[in-house]
Amino acid sequence: MLEATNGSLFLDYFRIPYRPLEDGERRWHGLAAAHPLQGCGLVRGSGEDAPLLAWPGRAALGAAGAAPRQTSLREIPLFAAVLPDARLADWLLEAGGRWSAQEPLLDRRGRRVASIWREDGGSVLLPFDPGEAIEAFWSEAYKMIAASTSTRVKRAAGAGYYRVRPAIPRQAQIAARRLASRVQRRCRFPRWPLEPSLHDLYLFLFGLVGEVAREPVPWIAPWPGGHSWALVLTHDVETQTGYDRLELLHEIELESGWRSSWNFVPGRYRVDDEVVRGLTEAGFEVGVHGLYHDGRDVAPSVVDCRLPAMRAAAERWSAAGFRAPATRRDWRVMPRLGFDYDSSYPDTDPFEPDGGGCCTWLPFLNGETVELPITLPQDHTLFRILRHSDETLWLRKAEQLRDRGGLALLITHPDYMLAQPHRDAYRRFLAAFADDEQAWTPLPRELSAWWRRRAASRIERVEGRWQIVGPAAGEGRIAFAPGFGAG
């Protein structure tokens with residue numbers, strides 16, 4: 001159905017089937033072998049007159065001196081290098097065909113800086129690499145691309161705060177965070193409590209691939225067994241108090257039939273192996289929540305010193321997962337930790353020390369690590385910082401994610417759920433989805449294992465019908481691109 005350059009992040013992520021193009025098949029005929037357009041990424045339909053979807057490769061971006069910048073397409077923010085219209089116009093004139101600049105990419109002042117180019121035969125040339133744009137959301141590279149001097153100052157101030165935080169009284173910390181939340185919740189990007197920009201970009205790209213394919217575009221749906229969304233429960237046990245009172249949440253889940261993961265801090269308090277064994281034998285999961293929970297456990301300057309102790313705890317507990325304390329994450333560091341999965345990236349959260357988020361409600365890969373985004377407001381944020389009194393915000397966000405077929409992943413802390421009204425809110429939240437047959441409710445390690453099976457599978461056409469081939473074959477479901485067929 002489709003032919004494409006190997007390693008197209010968008011196609012590979014959604015498991016859209018394509019035949020990899022050989023080097024000789026990627027040529028723009030009529031252009032010299034060294035021409036920058038010869039290194040473009042390509043997707044095209046089958047057949048001699050099939051249109052193509054193309055985007056610039058490194059050679060084209062380098063020849064134009066293009067650096068990552070912030071632009072917008074259909075009000076979708078993009079954070080990637082872009083080729084200006086003047087450069088593409090010259091190159092496309094050499095390539096032949098009748099091309100025209102159509103949809104604009106605008107800078108932050110609303111000025112046109114580049115365009116999506118279309119050719120009379122249906123081909124489309126993007127002025128940016130969609131893979132770079134997608135990864136800029138996942139990795140939070142947008143923070144540096146769009147950063148102003150004031151933003152960099154705020155980040156430095158945040159790092160300094162964590163160095164002196166132990167000397168600040170707890171009530172003063174809470175008061176300061178409440179004051180800051182008034183400004184944080186008005187953040188323009190990522191918007192809170194839901195940021196759809198990356199998924200809007202996915203829909204845009206699906207539309208372009210559908211134009212090229214000229215038929216419904218199949219992909220492997222995100223959840224197994226016919227489920228339409230996922231709901232995952234996790235707990236971070238930050239202090240000795242939380243460890244001593246973990247039964248407050250544990251008993252609620254046992255009574256209601258739910259299971260969850262419990263992330264412990266091995267260097268901050270003693271974790272009894274019998275407690276770990278009891279949790280896992282009851283069907284729960286145990287993970288690692290840093291080493292000391294001082295805001296520096298995954299800092300590049302100290303992670304190499306602390307990692308052996310974190311890995312030793314993971315081995316002792318048979319832990320597959322990791323969450324960075326205070327979600328203080330680093331895109332380059334997380335794969336180095338050696339865990340099967342990480343769950344340190346919120347989809348959007350302006351209230352955490354490292355505000356921002358990966359802008360997605362689906363898992364994704366960072367190197368060999370599966371990232372499971374945190375997509376529901378944390379209990380501490382909900383009850384202590386924003387001073388909500390019930391589960392309404394949890395329910396509203398979970399329903400939004402359910403409607404979008406996403407992952408609703410919640411963190412609660414036995415440290416902060418000591419008050420009976422908070423535990424009652426948690427119990428009501430679980431009860432609200434107890435009978436939802438469309439919800440998949442795995443442990444995080446089960447979700448990660450599924451995502452790996454999905455990533456190792458492909459779609460093939462067998463006797464005129466699309467089928468999943470690979471480890472996801474028995475449980476996966478084929479969906480079709482929005483607007484190009486039914487799931």
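None of the values given here were measured: they were computed from a predicted structure.
Annotation: salt bridge (Lys or Arg N to Asp or Glu O under 4.0 Å) contacts of E94 (sequence neighbours excluded): none.
Within a 6.0 Å radius of CZ in R27, other residues, nucleotides and ligands contribute more than 12 heavy atoms.
The ring-ring contact (aromatic ring centres under 6.0 Å, His included) test with F364 is passed by exactly one of F137, W451, W138: W138. The only option from L208, T5, L125 that meets the side chain to side chain contact (heavy atoms under 4.5 Å, CB included) definition with W55 turns out to be T5.
Residues F433 and W229 place their aromatic rings such that the two centres sit under 6.0 Å apart. Remark: aromatic rings of H388 and W394 are distant, center separation not under 6.0 Å.
Residues R323 and D297 are not paired through a salt bridge, judged by the lack of any N-O separation under 4.0 Å between the basic side chain and the carboxylate. Of the charged side-chain nitrogens involved, at least one lies within less than 4.0 Å of a carboxylate oxygen, so that E25 and R19 count as a salt-bridged pair.
With W440 contributing its side chain and S228 its backbone, the two residues share no donor-acceptor pair below 3.5 Å. With hydrogens and angles disregarded, a donor-acceptor distance shorter than 3.5 Å links the side chain of S123 to the backbone of L52.
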Got a list of side-chain donor-acceptor pairs under 3.5 Å for residues 79-91, not counting sequence neighbours?
from: D85; atom 1: OD1; to: S115; atom 2: N; distance (Å): 2.9
from: D85; atom 1: OD1; to: S115; atom 2: OG; distance (Å): 3.0
from: D85; atom 1: OD1; to: W117; atom 2: NE1; distance (Å): 3.3
from: D85; atom 1: OD2; to: S115; atom 2: OG; distance (Å): 2.8
from: R87; atom 1: NH1; to: A63; atom 2: O; distance (Å): 2.9

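Cation-pi geometry between R329 and Y345 is met: under 6.0 angstrom from the ring centre, within 45 degrees of the axis.
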